Amino acid sequence: MKIKTICCIGAGYVGGPTMAVVAQKCPNIKVTIVDINASRIAAWNDNDLNKLPVFEPGLDVVVKEARGRNLFFSTDIDKAIDEADMIFISVNTPTKTYGKGKGMAADLKYIELCARQIARVAKQDKIVVEKSTLPVRTASAIKNILENTGNGVRFQILSNPEFLAEGTAVEDLLKPDRVLIGGDNSEEGQKAINALVDVYANWVPNERILTTNVWSSELSKLTANAFLAQRVSSINAMSVICEKTGADINEVSKAIGMDSRIGSKFLKASVGFGGSCFQKDILNLVYIAKTYGLNEVADYWEQVILINDYQKNRFSDNIVSTLYNTVSGKKIAFFGWAFKKNTNDTRESAAIKVADNLLNEQAEIDVYDPKVNTERIYADLDYLNTRSSEQNRKLLKGQSSPYEAAKDSHAIAVLTEWDEFKTYDWQKIYDNMHKPAFVFDGRGILDIKLLEKIGFLCYKIGSGAKV
Ligand code: UDX
Ligand code: UDX
């Protein structure tokens with residue numbers, strides 16, 4: 001079976017870039033991305049490529065090439081489903097905020113809605129591909145809905161988890177380490193798998209396309225994210241010991257990373273990992289383990305989250321204790337709000353928790369982030385429901401310049417590792433701050449020796465260089 005039309009439901013951080021690259025690399029396939037959010041679709045269609053709803057280096061070029069040729073963004077979900085040979089589901093699956101599994105299980109309501117909509121609209125056989133990260137065995141639930149509420153149409157369900165990291169999405173999509181496709185062992189299932197393999201084969205070498213059964217594929221995604229997050233929590237746990245003993249976490253990371261069995265990536269100590277996936281996927285894993293009565297397994301993985309929470313709280317505690325145990329009425333400048341550099345995504349960003357803790361201490365915060373707007377920051381804080389939205393707006397301000405954010409502040413906290421922070425005129429920043437002036441580098445990116453020479457008192461995550 002040769003795929004000629006693809007529909008993707010969900011024009012977010014995953015669906016948008018992934019399908020833009022599919023369209024760019026497969027000019028003979030018509031790709032339509034649909035979303036219930038009309039303003040998001042309008043932004044994807046905007047002539048001004050700076051207004052795309054997702055910021056990713058290189059994405060504008062890909063969209064420019066394919067949009068209008070074989071890449072379309074639309075709110076007409078029914079039409080796109082009807083036309084498509086293959087439908088990707090790329091809607092969000094947040095952690096449940098209510099009922100059974102609250103705070104842990106994935107909320108699959110959007111996935112179920114998509115499945116029902118596909119069942120209602122489809123008149124011909126279709127391949128449905130799970131792109132969203134899902135708990136193991138979701139595919140069988142989708143299959144059940146499709147087969148029992150449909151119009152006698154036959155569906156094949158594939159799992160094709162996304163491994164792109166935000167900030168490098170286009171690069172990761174163009175040159176993936178591997179593409180994973182899970183499907184049914186039946187003849188029909190194998191045909192569906194092959195149809196999707198053929199799509200990727202347009203630009204991904206065959207040896208990098210891996211096929212498995214559906215459940216292995218679903219579980220591999222959770223496992224990959226759990227292992228990556230575990231590395232960050234492991235190195236962050238060591239960062240605390242470094243600070244106590246005078247060892248330097250960057251030196252430790254380098255030394256262990258040169259062991260080829262360990263490898264050098266994902267060993268950067270930080271104020272804590274964020275992003276839409278790590279926490280959610282581990283909570284999912286913990287929930288699955290608990291469901292099967294595997295409490296030791298659940299506890300093991302939960303510890304990765306607990307260390308991450310500890311790291312965020314430790315950072316804000318350190319700011320408070322260093323500033324003579326009170327930050328009330330003091331201005332603290334935040335450099336960075338995004339959960340990592342080169343993205344405008346803030347979901348689960350460490351900055352949110354650190355800000356929340358400091359605002360509880362009645363600090364005033366001025367935030368500068370090159371790509372995150374102030375409305376997003378307020379939305380993140382309001383969502384916590386810790387204080388009223390008026391209070392959040394009173395205590396925290398967004399600034400469009402780092403110099404303005406730092407002016408008259410007592411301390412600067414680096415929450416995101418944006419490269420531009422290294423290029424600032426730090427003398428100028430220092431001159432306009434209250435003295436003593438502090439820098440708390442939660443990402444370990446600044447040249448502490450230089451800052452100390454200027455007169456700053458510095459704390460660098462995981463290092464002896466501290467105030
Ligand atoms: C999401 C999940 O967070 C991630 O786990 C999964 O791997 C991929 O999907 P992301 O693309 O980053 O990741 O989410 P988001 O940017 O929130 O985009 C989801 C989009 O789906 C939103 O634009 C939303 O409007 C849309 N949506 C949601 C629908 O079109 N229909 C729905 O029923 C629900
Ligand atoms: C992750 C996975 O990498 C990706 O494969 C999956 O598809 C989605 O989840 P993402 O969340 O976009 O991607 O970013 P990632 O680069 O993994 O970073 C996650 C968090 O860990 C960020 O907050 C980052 O700053 C932090 N991190 C990462 C560290 O603190 N130290 C490191 O060494 C690496």
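All ligand and atom numbering here is 1-based and tracks the order in the structure. Predicted model only: the values in this text are computed from it and were never measured. Index from 1, following the sequence.
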Query - Distance-only N or O hit between ligand 1 and C277, under 3.5 Å - result: no
Query raised in the report: Do ligand 1 and Y13 have nitrogen or oxygen atoms that lie under 3.5 Å from each other?
Result: yes
What residue and heavy atom of the protein are closest to [atom], and at what distance?
{"atom": "atom 19 (C) of ligand 2", "value": "F278 CE2, 3.5 Å"}
{"atom": "atom 9 (O) of ligand 1", "value": "V91 O, 3.3 Å"}
{"atom": "atom 13 (O) of ligand 1", "value": "V14 CG2, 3.7 Å"}
{"atom": "atom 2 (C) of ligand 2", "value": "N225 OD1, 3.4 Å"}
{"atom": "atom 5 (O) of ligand 2", "value": "F163 O, 2.7 Å"}
{"atom": "atom 21 (O) of ligand 1", "value": "G10 CA, 3.4 Å"}
{"atom": "atom 28 (C) of ligand 2", "value": "F266 CE2, 3.5 Å"}
{"atom": "atom 11 (O) of ligand 2", "value": "F339 CE1, 3.5 Å"}
{"atom": "atom 27 (N) of ligand 2", "value": "V232 CG2, 3.9 Å"}
{"atom": "atom 26 (C) of ligand 2", "value": "F273 CB, 3.8 Å"}
{"atom": "atom 14 (O) of ligand 2", "value": "K340 NZ, 3.3 Å"}

Verify the distance criterion only: is there a donor paired with an acceptor across the side chains of [X] and [Y] at less than 3.5 Å?
{"X": "D380", "Y": "W337", "answer": "yes"}
{"X": "E162", "Y": "Y13", "answer": "no"}
{"X": "N313", "Y": "D309", "answer": "no"}
{"X": "Y98", "Y": "D107", "answer": "yes"}

Report task. Please tell me if the side chains of R347 and K280 come closer than 4.5 Å, counting only heavy atoms from C-beta onward. Result -> no
Between [options], flag the one that comes closest to [atom] by a heavy atom.
{"atom": "atom 30 (O) of ligand 2", "options": "A351, G275, S270", "result": "S270"}
{"atom": "atom 4 (C) of ligand 1", "options": "E112, R347, K131, K280", "result": "K280"}
{"atom": "atom 24 (C) of ligand 1", "options": "V34, D35, D281, T93", "result": "D35"}

Per-atom contacts, ligand 2 versus [X] - under 4.0 Å to a heavy atom:
{"X": "K268", "answer": "29 (C), 30 (O), 31 (N), 32 (C), 33 (O)"}
{"X": "L267", "answer": "33 (O)"}
{"X": "E162", "answer": "7 (O)"}
{"X": "K221", "answer": "6 (C), 7 (O)"}

Query raised in the report: At a 4.0 Å cut-off, with the gap strictly under it, does some heavy atom of R40 reach an atom of ligand 1?
Result: yes
Query raised in the report: Does ligand 2 have any atom sitting under 4.0 Å from a heavy atom of R443?
Result: yes
Check ligand 1 against [X] and write out every atom of the ligand that is under 4.0 Å from a heavy-atom position of the residue.
{"X": "N37", "value": "25 (O)"}
{"X": "S90", "value": "9 (O), 19 (C)"}
{"X": "G12", "value": "11 (O), 15 (P), 16 (O), 18 (O)"}

Report task. Rounded to the nearest 0.5 Å, what's the gap from NZ on K449 to NZ on K460? Could you check? Result -> 8.5 Å
Report summary line: For A269 and I249, the nearest pair of non-hydrogen atoms, with its separation, is CB-CG2, 3.7 Å
Report summary line: Given the options F421, W418, F440, F335 meets ring-ring contact (aromatic ring centres under 6.0 Å, His included) only with F421
Query - ligand 2-proximal atoms of L228, by part, heavy-atom distance under 4.0 Å - result: side chain
Query raised in the report: Taking heavy atoms and a distance under 4.0 Å, where does Q279 meet ligand 2: side chain, backbone, both or neither?
Result: neither
**Report entry** Quiz item: cation-pi between R178 and F163, 6.0 Å / 45°
**Finding:** yes
Query raised in the report: Using the ring of each side chain (for Trp, its six-membered ring), is F273 parallel, tilted or perpendicular to F278, with breaks at 30° and 60°?
Result: perpendicular
